[in-house]
A.B. asks: 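Input: one structure, supplied below.
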Protein chains: 2
Amino acid sequence: MNAEIIGVGSELLLGQIANTNAQFISKGLAEIGVNVYYHTVVGDNQDRLRQAIETAEKRADLIIYTGGLGPTKDDLTKETVAEYIGKTLITDHKSMANIEDYFEKISRKMTENNRKQALVIEGAEVFPNHHGMAPGMAVSHGEHIHVLLPGPPSEMQPMYKDYLEPFLLKDMGTRERIESRILRFFGIGESQLETDIEDILDAQTNPTIAPLAANGEVTLRITAKHETSAGAEEMIRKAEEQILSRVGDYFYGYNDTTLMKEAIALLKERKWTISAAESLTGGMFQEELTGIPGAGLILKGGIVCYTNEAKQKLLQVSDSTIKEHGVVSEACAIEMAENIKKLLGSDVGISFTGVAGPDELEGNPVGTVFVGLALPGREPFAKKLNLGGMREGNRVRSVKYGCHFLLHQLKQ
Amino acid sequence: MNAEIIGVGSELLLGQIANTNAQFISKGLAEIGVNVYYHTVVGDNQDRLRQAIETAEKRADLIIYTGGLGPTKDDLTKETVAEYIGKTLITDHKSMANIEDYFEKISRKMTENNRKQALVIEGAEVFPNHHGMAPGMAVSHGEHIHVLLPGPPSEMQPMYKDYLEPFLLKDMGTRERIESRILRFFGIGESQLETDIEDILDAQTNPTIAPLAANGEVTLRITAKHETSAGAEEMIRKAEEQILSRVGDYFYGYNDTTLMKEAIALLKERKWTISAAESLTGGMFQEELTGIPGAGLILKGGIVCYTNEAKQKLLQVSDSTIKEHGVVSEACAIEMAENIKKLLGSDVGISFTGVAGPDELEGNPVGTVFVGLALPGREPFAKKLNLGGMREGNRVRSVKYGCHFLLHQLKQ
């Protein structure tokens, strides 16, 4: 089976947003062995959408649309596909009930145009939308399957995983399986990692090994094809073993994990709580941590001490530390980590202080950062980073290094 | 002139990266009045690329390719386009010298395959690459212009600005100018907004008005065509006036601004400082605020009180408030905002407490949130939200509502 993904929306053609939906779906299809040969993006224009459908039917078995299922007049995907395949639109009563519920829950009056969202193509398998109003659907047309998904990623992604993927797997029956696994590395550059495993990369055919660098991390995607899933998994296991024997020191986890998730898992294992004192990161460490459900069991809380005043009033950093060493210092980072640990009675205290940029601070260049750690049963300490990047990148990478140092300690 | 953008690269079809190049170029083309009707993505496959070129020539005057100009065997864009338009490849000596220089600079031996990068299509206008090795180029084919740009955004983006944009402007001569402006709204749903201005949307031709909903906000993009920029601006101004006379209460700013940026601007104007007490948002408000350079002048700092313990120990929320009202309550939100304002001596205190999900809390359903505000010269107060969404969305929207309430107060 081969697929084409059609993104519908003038906002894509105007460059207001990137087509991340095509990326998400492509990744998912690759994992279950569906080849994607084309992505197309077309605006909210019925003629051009019709032409895109015509082109796609010539070159793909499975055509997946994202967007254009909303309540407004420029949402045309359902109407255009239905017309193209000679079907009508009918109201899906479950979806209608879902929409009415939604408006009741948010105590807002439902406008008439919202009813349009409950229309589906007759004969289609309907995919409920648990995170929004417009349902998705799959409908056959001769040898082709047309799948319509909502545009907002927060609605599309769970619908893909919960409904479309199972639908496709059922439809495909037994085929060659493609399995893939991502290995995640931190603290090593892409070119260094590539040099270290150059011969492995050169010799790859099946499994394939694809390096990718993003946001200060490097990943290797290992993809294997085999008649059975178990066979493909075994091929991946062998490649992984070979790679980690070279660069295992920098490896921290698989697939969609993050340094934060790994650190939290180890904290949970030890039943340790944590608290944080954040200066340059301005709450980013805690924001990421609390983004993970169940964080309340781990994070006691913390202080965002963006000013010296907050460092002193809330965090009780001593006057002499700031006067003698400055706030961008090892001494200040250590005191911040120690104090937040004590103030909240947590097992671990972590701190971030430094120069995010754009301007230097206390004579320290942009990117100078200290990460402090106070752990049970050892002297608190701080590590210095020289990131030298831009403001937002420096903040993000500071948090990653914080998790990296913490992870390293927890593994000991 | 209308354009199609073709992204070449299997990494796009595998979902390893999103097609941000198409977004960047689309935005640039919209600014100079070139309509983009389609984006296509195709893999590193000569046959399928050839078919994509054929399709594009039927529907676009200007075809812009990104990617596939590198040194390796799967880089095929130049070869395929040259063959399609019946031209040969020749070495561009300036590009060759640039490549040799590059290897000298990084003191590495140049491998033979790098010479391939200096090949250009005969008769093409060559765009030098100041941030990498592969040059770009533009070549005519009948009525069509084919433009080839490198894939890495760090090379493509400066080449677009420095060479392609001037090339297109020269080619276009004096033409119709397209200007556009985005109006941003918060606190109103997309369907309600559309209902309120339905007649305006129905009557649109030039300027066009396109609604878009994302992340709890609604935007309207007004796009006008006129011989002169000033003429287009005037058309936009008139449309804006008409729209805001209906839904101006929900309008908060233009283009790429955010609720946070607008709130900060008004705080700066009044020379007011702020501090924050964050429970369910876990630092997200402060993280966003400190993401904006110069935030140190506005944010004194704050507390992430994710646990009741932190609310009591760090923020001194009284035992009786928590016992009588619970932490998800108006009383708790007010006390949090008051206390953080007092503790840090800021002019404004803001607080967030509620149920992010996935589980309910104190008998309150997921999405129940209280935002507290303590401002100079008036009684502190809290507003209740019923968001009813998913965990991450509830956190993001809580922060937006916080900025929205603050903005509303600062405008009075």
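Computed from a prediction, not measured in an experiment: that's the story for all the values here. Labels below follow one simple rule: chain letters A, B, ... track the order of the sequence lines, proteins then strands, and each chain is numbered from 1.
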A.B. asks: In this structure, are over 12 heavy atoms from other groups packed under 6.0 Å from B:D199 atom CG?
C.D. replies: yes
A.B. asks: Among A:L289, A:N114, A:N308, A:D74, which residue has the highest count of heavy-atom pairs closer than 4.5 Å to chain B?
C.D. replies: A:N114
A.B. asks: Given the options A:N19, A:L299, A:T20, which has more heavy-atom pairs under 4.5 Å with chain B than any of the others?
C.D. replies: A:L299
A.B. asks: Between A:L314 and B:L314, is any pair of side-chain heavy atoms under 4.5 Å apart?
C.D. replies: no
A.B. asks: Only heavy atoms, only distances under 4.5 angstrom. Which residues in residues 390-397 of chain B are near chain A?
C.D. replies: B:M390, B:R391, B:E392, B:R395
A.B. asks: What residues form a side chain to side chain contact (heavy atoms under 4.5 Å, CB included) with A:D202, not counting sequence neighbours?
C.D. replies: A:E198
A.B. asks: For the pair B:T307 (side chain) and A:K300 (backbone), establish whether a donor and an acceptor sit closer than 3.5 Å, ignoring hydrogens and angles.
C.D. replies: yes
A.B. asks: Please identify, among A:T40, A:V42, A:N113, the residue contributing the most non-hydrogen atom pairs under 4.5 Å to chain B.
C.D. replies: A:N113
A.B. asks: Does a side-chain heavy-atom distance below 4.5 Å link B:E194 with A:K73?
C.D. replies: yes
A.B. asks: Could you tell me which of B:P293, B:G345, B:G43 has the largest number of non-hydrogen atom pairs under 4.5 Å with chain A?
C.D. replies: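 The option with the most such pairs is B:P293.
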A.B. asks: Give me the contact list for residues 23-30 of chain A versus chain B, heavy atoms only, anything under 4.5 Å, ordered by residue number.
C.D. replies: A:Q23, A:S26, A:K27, A:A30
A.B. asks: Look up atom CD in A:E287 and atom CD in B:E287, then write down how far apart they are to the nearest 0.5 Å.
C.D. replies: 5.5 Å
A.B. asks: Of all residues at least two apart in sequence or in a different chain, which pass the ring-ring contact (aromatic ring centres under 6.0 Å, His included) check with B:F352?
C.D. replies: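 For B:F352 the ring-ring contact (aromatic ring centres under 6.0 Å, His included) partners, ignoring immediate neighbours, are B:F285.
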A.B. asks: At a heavy-atom separation under 4.5 Å, does B:I292 approach chain A through its side chain, its backbone, both, or neither?
C.D. replies: backbone
A.B. asks: Under 4.5 Å heavy-atom distance to chain B, tell me which part of A:T55 shows up: side chain, backbone, both or neither.
C.D. replies: side chain
A.B. asks: If I measure from the heavy atoms of chain B, does A:Q16 come under 4.5 Å with its side chain, its backbone, both, or neither?
C.D. replies: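 Backbone plus side chain of A:Q16, per the 4.5 Å heavy-atom cut-off to chain B.
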A.B. asks: Specify which of B:I182, B:I17, B:I5 makes the most heavy-atom pairs with chain A at under 4.5 Å.
C.D. replies: B:I17
A.B. asks: Which one of A:P71, A:P152, A:G291 has the most heavy-atom pairs closer than 4.5 Å to chain B?
C.D. replies: A:G291
A.B. asks: If you tally heavy-atom pairs under 4.5 Å against chain A, which of B:D359, B:L201, B:L12 wins?
C.D. replies: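 Highest number of pairs under 4.5 Å: B:L12.
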A.B. asks: Rounded at 0.5 Å granularity, tell me how far NZ in A:K313 sits from NZ in B:K342.
C.D. replies: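 Rounded to the nearest 0.5 Å, the NZ-NZ separation comes to 13.5 Å.
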A.B. asks: Grab the two heavy atoms, one from B:Q192 and one from A:T111, that are nearest each other, plus how far apart they are.
C.D. replies: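 Closest heavy-atom pair between B:Q192 and A:T111: OE1-CG2, 3.3 Å.
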A.B. asks: Under a 4.5 Å cutoff for heavy-atom pairs, which residue among B:S191, B:G283, B:A18 has the most contacts with chain A?
C.D. replies: B:S191
A.B. asks: Is the shortest heavy-atom distance from the side chain of B:Y38 to the side chain of A:V41 under 4.5 Å?
C.D. replies: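 They are not in contact (no side-chain heavy atoms under 4.5 Å apart), so the answer is no.
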A.B. asks: Please check this pair: side chain of A:Y306 against backbone of B:I298, looking for a donor-acceptor N/O pair closer than 3.5 Å.
C.D. replies: no
A.B. asks: Against chain A, work out which of B:R48, B:E4, B:R59, B:M284 has the most heavy-atom pairs shorter than 4.5 Å and name it.
C.D. replies: B:R48
A.B. asks: Using every non-hydrogen atom in the two residues, find where A:T281 and B:T290 come nearest and quote the distance to one decimal.
C.D. replies: O-OG1, 4.3 Å
A.B. asks: Any side-chain heavy-atom pair from A:E11 and B:T219 closer than 4.5 angstrom?
C.D. replies: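 Result no, sub-4.5 Å side-chain heavy-atom pair not found.
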A.B. asks: Would you say B:H39 and A:L13 make side-chain contact, with heavy atoms under 4.5 Å?
C.D. replies: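 Side chain of B:H39 against side chain of A:L13, heavy atoms only: contact under 4.5 Å found.
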A.B. asks: Counting C-beta onward and ignoring hydrogens, is there a side-chain heavy-atom pair between A:L14 and B:R221 closer than 4.5 Å?
C.D. replies: yes
A.B. asks: Where is the tightest heavy-atom contact between B:L344 and A:E309, given as atom of each residue plus distance?
C.D. replies: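 Closest pair (atom of B:L344, atom of A:E309, distance): O-OE2, 3.4 Å.
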A.B. asks: Please identify, among B:T223, B:L385, B:V36, B:I6, the residue contributing the most non-hydrogen atom pairs under 4.5 Å to chain A.
C.D. replies: B:V36
A.B. asks: Does any non-hydrogen side-chain atom of B:I303 lie less than 4.5 Å from one of A:V304?
C.D. replies: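 Sidechains of B:I303 and A:V304: no contact.
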